[in-house]
Asker: 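Structure in structure tokens, see below.
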There are 2 protein chains.
Amino acid sequence: MSSPYHHGDLKAALVAYAREQMEHTGFDGLSMREMAKAVGVSHTAAYRHFADKKALLDVVATESFSELLELTRQGAASAPAEPRSRLQASGMAYVRFGLSAPRRLAHMFSSMEAPQASETLRAAGFGLFAFLEGLVGAGQAAGVFRAGDTFQLSRACWAMVHGLATLPSLTRLAHSSQELETALLSAEEALAVFLDGLARK
Amino acid sequence: MSSPYHHGDLKAALVAYAREQMEHTGFDGLSMREMAKAVGVSHTAAYRHFADKKALLDVVATESFSELLELTRQGAASAPAEPRSRLQASGMAYVRFGLSAPRRLAHMFSSMEAPQASETLRAAGFGLFAFLEGLVGAGQAAGVFRAGDTFQLSRACWAMVHGLATLPSLTRLAHSSQELETALLSAEEALAVFLDGLARK
DNA sequence: TCCTGGATGTTAACGGTGTCAACATAAAGG
DNA sequence: CCTTTATGTTGACACCGTTAACATCCAGGA
């Protein structure tokens, strides 16, 4: 009886394996059968916990959004209590996540883009955006950022940060920790350019 | 003899079909067999022209990079001969492409990110970046953009534009032509924020 | 305590997929 | 004309996602 009939927490084990493995194989290279085997279970056991493959990967994406939100929160919290610094630190936490888990980040947005994305998944994504929007709004309220539609400016900011986090020329270079360091510095400089534009004129 | 034994130009037909269909099904939902059937040929005929599926899709990506380069060129050319306007018009052409062909744009970068991306594919991608770098460098030479490493600033600019081109597609706002119009205006505003930051201080 | 129903896991099967090998046909060129 | 080469077809293999039918375990009421 080295392996009992019931796994114990198959659902969590599958999600954890998928989340870890996604970085290696890419999310399209992950098969239900291989994941099941890796977790030590038969190739259809997962269907007791997930409607289909997409549902499993959606859970990974949703959890990753929560994780990213937490990272950006911590980034903002650990920065000087000043709008620009907070926004910058938060954005850099986002970029750091993108450099350390590019495939997963790509998957998060690719699954959100899907027409039948689950409501909880979309909520997780929008939660992340809402946090960013709060930072931008605070900067406007403090008179440090330019006036204008907060939603618009936040989207601009999101696009900048997301672009920095996903640009292949950056992610491709982030293999060694040395390269990761220079990539981060480069991203910080780029973000500073945008933040200069965001400042009140 | 409604269909002759030899297709005529199977290679081009497959690429054209894949390029068109990618927008509907997404690039992972495209199967060799289905494409072959759609073009009116047997399910392995494609292997006379492409080593494997990836090779076919790489051609689509490479051609799309050329197309995007051409669009950004035209955008710059049709703008007032002034660095900021040219860069803005060029970037907006990029964004327009992203809004009209989001799946294809995603595929272009996803295939470029792959470790075994073909050299011609990567060259096409870098060609696009080189053009952008030229625009940024011209602005610096004219004293309109801030001084600094041109490569760095260009990458910042690329990230901004790429983020704008990628992000709205996941907020799924660009379906009707009305929405596309407002999405473009929003992107233009966002790009303006960045360009303000890029300006000489 | 039994035993019964629901939760979880397994086995078998179906259609679909990428790809290779063997074969068939057409075009090109001596 | 005949042979070489390019192109297309058929058949097979292993793998994949998913469903249906069956097996096993656990929990809770008689």
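Order of the sequence lines fixes the chain letters, A, B, ..., with proteins taken first and strands second; residue numbering starts at 1 for each chain. Keep in mind that this is a model prediction, so the values were computed, not measured.
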Asker: When the distance from CG of A:D52 to P of D:dC16 is rounded to whole Å, what number comes out?
Answerer: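 Taking CG of A:D52 and P of D:dC16, I get 17 Å after rounding.
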Asker: At 4.0 Å (heavy atoms only), tell me whether B:H49 reaches a base, stays on the sugar-phosphate, or touches nothing.
Answerer: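 Sugar-phosphate contact only - B:H49 comes under 4.0 Å of backbone atoms but never of a base.
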Asker: Does the gap between the ring centers of B:F129 and B:F151 come in under 6.0 Å?
Answerer: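 Yes - the distance between ring centres of B:F129 and B:F151 falls below the 6.0 Å cut-off.
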Asker: Starting at NZ of A:K37 and ending at C1' of D:dC15, how long is that distance when rounded to a whole Å?
Answerer: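 That distance rounds to 10 Å.
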Asker: Between B:Y47 and A:R48, who's closer to the 5' end of DNA chain C by nearest nucleotide?
Answerer: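 Its nearest nucleotide being more 5', the pick is A:R48.
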Asker: On the side chain of B:R33, is there an atom forming a donor-acceptor pair with the base of C:dG16 - under 3.5 Å, no angle test?
Answerer: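 Donor-acceptor pair under 3.5 Å: no.
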Asker: By nearest heavy atom, map B:T44 and A:H43 onto DNA chain D; which one lands nearer the 5' end?
Answerer: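 Closer to the 5' end of DNA chain D: B:T44.
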Asker: Please name the pair of heavy atoms, one in A:Q88 and one in A:L195, separated by the smallest distance, quoted to 0.1 Å.
Answerer: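 Shortest heavy-atom contact: OE1-CD1, 3.1 Å.
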Asker: From C:dA12, D:dT9, C:dG9, pick the nucleotide closest to the side chain of A:L10?
Answerer: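 Output: C:dG9.
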Asker: For B:L184, is there any backbone N or O sitting under 3.5 Å from a side-chain donor or acceptor partner on B:R96?
Answerer: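 Not a single qualifying donor-acceptor pair exists.
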Asker: Determine whether a donor-acceptor pair (N or O, by modelled atom type, separation under 3.5 Å) exists between the side chain of B:H107 and the backbone of B:L57.
Answerer: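 Yes, B:H107 side chain to B:L57 backbone: donor-acceptor pair under 3.5 Å.
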Asker: Mind calculating the distance between CE (A:M32) and P (D:dA14) to the nearest angstrom?
Answerer: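 That distance rounds to 24 Å.
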Asker: Once you round it to whole Å, what is the distance between C1' of C:dT17 and CG of B:L57?
Answerer: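 Rounded to whole Å, this separation is 14 Å.
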Asker: Of all the choices, D:dG17, C:dT19, D:dG8, which nucleotide is nearest to the side chain of B:K53 once you look at every atom?
Answerer: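 Side chain of B:K53 sits closest to C:dT19.
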Asker: Students often get this wrong, so: under 4.0 angstrom with heavy atoms, is B:L30 touching a base, only sugar-phosphate, or nothing?
Answerer: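 Answer is sugar-phosphate: B:L30 comes under 4.0 Å of backbone atoms only.
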Asker: Rounded to whole angstrom units, what separation is found between the CG atom of A:L56 and the P atom of D:dT18?
Answerer: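 Distance check: A:L56 CG to D:dT18 P gives 10 Å.
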Asker: State which residue, out of B:E63, B:E20, B:E67, B:E23, fulfils the side-chain hydrogen bond (donor to acceptor under 3.5 Å, both in side chains) condition with B:R104.
Answerer: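 With B:R104 as partner, B:E63, B:E20, B:E67, B:E23 yield a single side-chain hydrogen bond (donor to acceptor under 3.5 Å, both in side chains), made by B:E67.
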Asker: Ignoring hydrogens and geometry beyond distance, is the side chain of B:S42 in donor-acceptor contact with the base of D:dT10 at under 3.5 Å?
Answerer: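 Such a pair does not exist between side chain and base.
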Asker: Could you check how far CZ of A:F50 sits from C1' of C:dG9, rounded to whole Å?
Answerer: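 Rounding to the nearest Å, CZ of A:F50 and C1' of C:dG9 are 15 Å apart.
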Asker: Could you tell me the separation between the NZ atom of A:K11 and the P atom of C:dT8, rounded to a whole number of Å?
Answerer: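 Rounding to the nearest Å, NZ of A:K11 and P of C:dT8 are 9 Å apart.
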